[in-house]
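In what follows, a structure is listed as C-alpha cells, so that the remarks can point back to it.
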Amino acid sequence: MDKIIILDFGSQTTQLIDRRIRDLGVYTEIIPGDSPLTEEVLGSQTGVRGIILSGSPESVYTPAGAVPDQRLYTCGLPLLGICYGLQRMTQDQGGLVEPLPEREYGAIGVTITIPPGMPEHAARLLTGFDSTVPCAPLLTRFTAWMSHGDTLTRLAPGFREYGKSDTGYPAVVIHESKPWFGLQFHPEVTHCEGGTALLAAFVFGVCACKAGWTMEHYLEEVQADLRTQVGANPVLLLISGGVDSTVTGALLLKTLGSDQVHLMYMDTGLMRKDETKTVTATLERLGARYLHIIRCEAEFLAALKGLEDPEAKRKAIGDLFITIQEREVARLGLPDGYFLAQGTLYTDLIESGKGVGKKARLIKSHHNVGSPLVEAKRKVGQVIEPLDRLYKDEVRHLGCLLGVDDAVIRRHPFPGPGLAVRIIGEVTKEKCDILREADALYLEELKKRGRYDDIWQAFAVLLPIRSVGVAGDARKYGWVLALRAIISADGMTADVYPFPMKELLEIATLITNTVKDIGRVTYDISSKPPATIEWE
Ligand code: XMP
C-alpha cells in the first residue's frame, strides 16, 4: 500500500497533517524527525512515495532544532517541507534562515506567481491536480495560516520562489529540478484556504499515491497479520469496557474464533452503573466464550481506604491493578506461548512518546503501558496491538464493520482509575454508589435530549462537601455534585459545553429529586487548559 512518511519535528499540527492525508485515503506514518532513514524505512518494499517534513517550535539555527538523516536528500523521494520543514531544507541545502523582526501568526494572504516554462513537478503541485481528487484547483491568491518566527533570507541553490506572503516573505518555494517543495504556511490547518487541495496535489499529483487506505482494506490486512503472528496460540485481552478494548476484542474474536480468545475484565467497583452487565452482554453478543470476570471491588476499596491525595489514589489503583492482573493471569494457566493483546491506539503511542513522534509532549501514561506483565511479554515478542495504526474515529469505523453495538462505539471516554478520580477525597462504597446513580441519570438525560453525541465527554463528580438544604419541612444535609460536559477533538484541549440554562436546571432538579444524598448541583465551567478534564 502506498504511504507517506511524516518526519515529526515537534509541531502541534503534525497529527493534523497525518489526519488530512488519511482522510484523502492514503496511509501515513509519523516518525521522529531525526530517525535513521534506512532501507527498512524508505526502501522500495515499504510503499513510501513521499516525505513531509513537519513544523517545529524550534529554530533551525539552534541546537534544539532537530536535523534529519541527510539520506533524506539522496533517497530520490518527493519532499514537502512545512514551515520548519521548509526552513530545515533551506538550511541543510545551503540557504539562510534568520529570525523575523516580529513573529507572524494567523491568517496572511499569499500570492502565487507562475513563471513561464515551470518544471513539470512544480506544475503538478500548483496546477496539475488529478481530476478524481475531490479538491478545488489551487488558488493563485488565497489566505494561508502562518505561525513562524523565522524566515528564509536566502533560498538554497536550485530553489525558486513561487509564492510570496503579503508581508513580503517567501511562502512557496520549489526546487527547479528535484521534486522538493516548501511551504511557509500550514496547509493542514482548516483555516488555510486550499490547504487540503495542496496536500492532495502533493500526495496524488507529485507522489502518485493511490488511495488504498480504507477500513475494509485495513481489516483484511490486520486479520491476515494476526493469523500469521499468533498461529494457533491463545490470545489474552484485558477488557476495560471502553471503545478501544471492545473493538480489539471484536477483531480477535472475528479473526481467530472464540476458542482462541480469552477476555479478562476487572470489576473494580469503580465503574459506571451496570458496567459489568453491559460489558458481559456486549462481548457475549460478539461471540466471547472465555470471558473471565474478576470481581475485585473489595480489594480496590480496601487499597483506597483513608487515601485523599489524588496521586496516592492513582498509585494505589495502578499497583493493585498490576497485582491482580498477574495473579489472575497466572491462575488462567495459559501456555507460555500465549499472546497478550492491547487496544493501544496510534495516539497512545504518540502521547506516551513510545513509537512515533518522540518530540511530541508526554500527555498521559496509561496504567497498562508500564505493567511488568506487558513488558515481559513485549520482550519475547508476544504483545499484539492491532489498532496501533488507527486514530479513535478510525477505530469507531472499524468497530462498525465488526458489528460492535453503536452504543458502545459512541461511548464517551472513561479514565482507567474510574470513579476514584471523580470522587474527590476518600473513596468509599457509599460514595461510589451515590455517584454511580447521579452519573447514570445525567448521561441518560443527555441521551434523551439528543445531546450525548454532541458532547465529547460528560460525567458527574462527587465533591467532599456537604451543604444544607430543605426537603419537605426538614433540613437536609446533602453532598455537592459537579456536572461536567466538554467538547473536544482529542481530549488534549477542551471547551465547556454550552448548555441551555433551562436544561441544566431541569437535569439538576431531576438529580436532587432522585438521588436523595445529593443536596446541591453545580456545573463546571472550566476549559482545558488551565483545568484538566478530570478533577483528579
Ligand atoms: P485530563 O483529565 O488529563 O484527561 O484532561 C484527558 C483524557 O484522558 C482521560 N484520562 C485517563 N484515561 N487513564 C485513562 O485511561 C487515566 O489514568 C486517565 N486520566 C484521565 C480523561 O477521562 C480524558 O478523556
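All values below come from the heavy atoms of this structure, side chains included, with hydrogens, waters and symmetry mates left out. Order of listing sets the numbers, starting from 1, for every ligand and every atom in it.
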What residue among R19, R22, R389 forms side-chain hydrogen bond (donor to acceptor under 3.5 Å, both in side chains) with T28?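 Only one option passes, and that is R22.
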
Salt bridge or not between R484 and E534? Use side-chain N to carboxylate O under 4.0 Å.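 A salt bridge is absent here (no side-chain N lies under 4.0 Å from a carboxylate O).
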
Going by side-chain hydrogen bond (donor to acceptor under 3.5 Å, both in side chains), name the residues that satisfy it together with T282, two or more places apart in sequence or in a different chain.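 Testing T282 for side-chain hydrogen bond (donor to acceptor under 3.5 Å, both in side chains), a comparison that skips the adjacent residues, returns none.
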
Looking only at side-chain N and O atoms, does T246 offer a donor or acceptor that is under 3.5 Å from a partner on R411?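 Their side chains do not contain a donor-acceptor pair, so the 3.5 Å distance test is not met.
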
State if W456 counts as touching ligand 1 under the rule of any non-hydrogen atom under 4.0 Å.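 True for this residue.
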
Within the structure, is a non-hydrogen atom of R314 found at a distance of less than 4.0 Å from ligand 1?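 It does; at least one heavy atom falls under 4.0 Å.
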
Enumerate the atoms of ligand 1 whose separation from the nearest heavy atom of T532 is less than 4.0 angstrom.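 Counting atoms of ligand 1 from 1, those under 4.0 Å from T532 are 1 (P), 2 (O), 5 (O).
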
Can you sort out which atoms of ligand 1 are near P413, meaning under 4.0 Å from one of its heavy atoms?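 Counting atoms of ligand 1 from 1, those under 4.0 Å from P413 are 24 (O).
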
Does ligand 1 come near enough to [X] that some N or O of the ligand is less than 3.5 Å from an N or O of the residue?
X	value
P417	no
K528	yes
G416	yes

Counting N and O atoms only, with roles assigned by atom type, does the side chain of E299 sit under 3.5 Å from a partner on the main chain of L320, one being a donor and the other an acceptor?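 Pair absent, no side-chain N/O of E299 close to backbone of L320.
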
When you compare the side chain of T196 with that of L24, does any pair of heavy atoms fall below 4.5 Å?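 Heavy-atom side-chain distance check passes, below 4.5 Å.
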
